[in-house]
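Okay, so here's the structure we're looking at.
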Amino acid sequence: MFTHAITRRPSAEMVDGLSTAGLGKPDFELALKQHDAYCRALTDLGLDVTVLDALPGYPDCCFVEDTAVVCEDVAVIAPLGAPSRQGEQDTIAPVLAGFKPTVRVTPPALFEGGDVLQVGRTFYIGLSDRTNMAGAEALGNAVGAYGYEWHAISGLPSLHFKTDVNYVGNNTLLVSPAYADMAELAEFDKVIVEDDEAYARNCLYINGTVIVPAGFPKTLAKVEALAPAVVLDMSEFRKLDGGLTCLSLRF
Ligand code: CIR
C-alpha cells in the first residue's frame, strides 16, 4: 500500500522542456490546473501528498519520478541520464531522507526512475538512453541489500521502460505489443495496448485503483474490466513525453 507521494509543481520554463512528441509547446496555466487535479486525485486515493515548489533552471522538474526509486526500505537517488536534468535530484534527496534511508548513485552510472518498474519484491530496470548497465547494477545492488531481486531489460524502443510497461494490479501489466512475449515478464498476465493508444500504456496504479489518461477509450475499457479507474487530462505533460507515473514518487 502506498501512503505518501511527492510531486513538484511545473515550472513556467516547461515550455523549454525536453520533448520528442511533436505536439507543440505546453500551456503553462493549463499544466498547473492539470497538476492540481493530479495531486487532488492522489489525495482522494488516500495518499499524503508533499508538493514541492518548481525548480528554477530545470524545465522538466515536474517529472519527479525520474529523480529517485523509492521502496519500503530505501530511497535510491538517481543520477539522471539527461544532462539538462542532472541536479534535480539534489533537492529531492533531503526530502526523501525525511522518510527513508537514502543511497546515492552517481555518474558514470546512470538511471532514471521512469525506467524502473517495481512489482512486489522485484525491480525491472529498462536499459535506455537514460539508464545504462552501470546504473542498473548500482540500483540493483542498493535494493538487493534489502533482499529485492532485479532484472535488467534491454532493447527499449521508447524514452523510458514505463512509457510502454506498467503494473495495474492482479499480476497484470499494460504493455506494448513488443513486450507481449518477453521472457523476463513471462510470469505476468498482459493487457496489450496497441499503438493507436500508445500514450495510455502509462497508467498509474494506486492501492487498487488505476489512473488512466483522458482520451483513450479502448484502454479505459480494458482497465475498467480489471479495476476501478480514475481519468485525468494529461495533455500538457504529454507534449513533453511525460505521463501519469512521471509526475510523482509514491511510497
Ligand atoms: C524528459 O525527457 O526527461 C521529460 N521531458 C519527460 C520525462 C518523463 N518521465 C517519465 O517518463 N518518468
Side-chain angles (χ1 to χ4, degrees), residues 1-10 34-55 61-78 88-105 111-125 139-140 142-150 160-162 165-174 188 202-213 223 226-232 234 237 242-251:
M1 288 284 283
F2 295 127
T3 55
H4 287 81
I6 295 172
T7 66
R8 193 191 283 284
R9 300 286 285 158
Q34 292 178 350
H35 196 266
D36 283 342
Y38 179 89
C39 294
R40 236 178 1 253
L42 297 188
T43 303
D44 290 347
L45 291 171
L47 303 194
D48 189 355
V49 182
T50 301
V51 184
L52 305 177
D53 290 337
L55 201 54
C61 67
C62 61
F63 301 115
V64 71
E65 169 177 68
D66 295 318
T67 62
V69 166
V70 189
C71 64
E72 196 181 338
D73 305 275
V74 64
V76 187
I77 311 301
E88 289 179 28
Q89 69 275 40
D90 295 339
T91 59
I92 289 291
V95 178
L96 285 170
F99 294 97
K100 307 274 177 186
T102 59
V103 173
R104 275 193 95 117
V105 172
F111 77 83
E112 293 192 352
D115 279 319
V116 184
L117 177 69
Q118 181 188 0
V119 185
R121 303 288 301 174
T122 305
F123 288 85
Y124 300 89
I125 308 172
L139 171 59
V143 295
Y146 293 89
Y148 293 86
E149 289 185 25
W150 65 280
H160 285 128
F161 184 53
K162 283 189 289 193
V165 180
N166 286 279
Y167 188 69
V168 290
N170 281 327
N171 199 46
T172 304
L173 298 176
L174 286 190
F188 295 103
N202 187 265
C203 284
L204 176 57
Y205 177 77
I206 304 281
N207 301 343
T209 296
V210 182
I211 308 179
V212 181
V223 167
L226 298 168
V230 169
V231 176
L232 289 180
M234 290 289 291
F237 302 105
L244 285 158
T245 67
C246 318
L247 289 183
S248 60
L249 289 161
R250 289 92 33 201
F251 50 93

| task | Name all residues meeting the side-chain contact (heavy atoms from CB on, under 4.5 Å) criterion together with A145; count only those two or more places apart in sequence or in a different chain, and write none if there are none. | result | none
| request: Could you tell me which residues satisfy side-chain contact (heavy atoms from CB on, under 4.5 Å) with T3, sequence neighbours excluded, listed by chain and number? | output: none
Shortest non-hydrogen separation from [X] to [Y] and the atoms involved:
X: C203; Y: V168; answer: CB-CG1, 4.5 Å
X: A142; Y: V103; answer: CB-CG1, 4.1 Å
X: V64; Y: T67; answer: O-OG1, 2.7 Å
X: V223; Y: A229; answer: CG1-CB, 4.1 Å
X: C62; Y: P10; answer: CB-CA, 3.7 Å
X: S248; Y: Y38; answer: OG-OH, 2.6 Å

| Picking from T122, V69, L173, what satisfies side chain to side chain contact (heavy atoms under 4.5 Å, CB included) with L117? |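 Result for side chain to side chain contact (heavy atoms under 4.5 Å, CB included) with L117: L173.
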Side-chain heavy atoms of [X] within contact of [Y], under 4.5 Å:
X: Y146; Y: P101; value: yes
X: T7; Y: V49; value: yes
X: F161; Y: N166; value: no
X: L47; Y: H4; value: no
X: V76; Y: V143; value: yes
X: P213; Y: V231; value: no
X: P228; Y: V210; value: no
X: L247; Y: F63; value: yes

| query | Is the CG atom of N170 crowded by more than 12 outside heavy atoms at less than 6.0 Å? | reply |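 Atom CG in N170 is not crowded, with 12 or fewer foreign heavy atoms closer than 6.0 Å.
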Is a side-chain N or O of [X] found less than 3.5 angstrom from the main chain of [Y], in a donor-acceptor match?
X: N207; Y: F2; result: yes
X: T43; Y: C39; result: yes
X: K100; Y: V70; result: no
X: Q118; Y: G120; result: yes

Using a distance-only test with no angle check, is there a side-chain donor-acceptor pair under 3.5 angstrom linking [X] and [Y]?
X: T91; Y: R8; result: yes
X: Y205; Y: T245; result: no
X: Y124; Y: D115; result: no

Mind checking the [atom1]-[atom2] spacing from [X] to [Y]? Nearest 0.5 Å is all I need.
X: L249; Y: I92; atom1: CG; atom2: CD1; answer: 6.0 Å
X: F251; Y: L96; atom1: CZ; atom2: CG; answer: 6.0 Å
X: L52; Y: C61; atom1: CG; atom2: SG; answer: 9.5 Å
X: M234; Y: L204; atom1: CE; atom2: CG; answer: 9.0 Å

| said: Test side chain to side chain contact (heavy atoms under 4.5 Å, CB included) on L55 and E88; report intermediate values, then the result. | reply: CA-CA 8 Å; L55 201 54; E88 289 179 28; 4.2 Å; yes
| request: Considering only NZ, NE, NH1 and NH2 on the basic side and carboxylate oxygens on the acidic side, decide whether K162 and D66 come within less than 4.0 Å. | output: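 Salt bridge flag = no for D66 with K162.
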| said: Using side chain to side chain contact (heavy atoms under 4.5 Å, CB included), reason through E65 and E112 one step at a time and then give a plain yes or no. | reply: CA-CA 8 Å; E65 169 177 68; E112 293 192 352; over 6 Å; no
| field | Non-neighbouring partners of F237 that pass ring-ring contact (aromatic ring centres under 6.0 Å, His included), sequence neighbours left out | value | none
| message | For a side chain to side chain contact (heavy atoms under 4.5 Å, CB included) check, start with the C-alpha distance between I206 and V230, then their side-chain angles and the critical distance, and finish with the verdict. | response | CA-CA 10 Å; I206 304 281; V230 169; over 6 Å; no
| task | Decide yes or no on side chain to side chain contact (heavy atoms under 4.5 Å, CB included) for W150 and V116, but give the supporting numbers first. | result | CA-CA 10 Å; W150 65 280; V116 184; over 6 Å; no
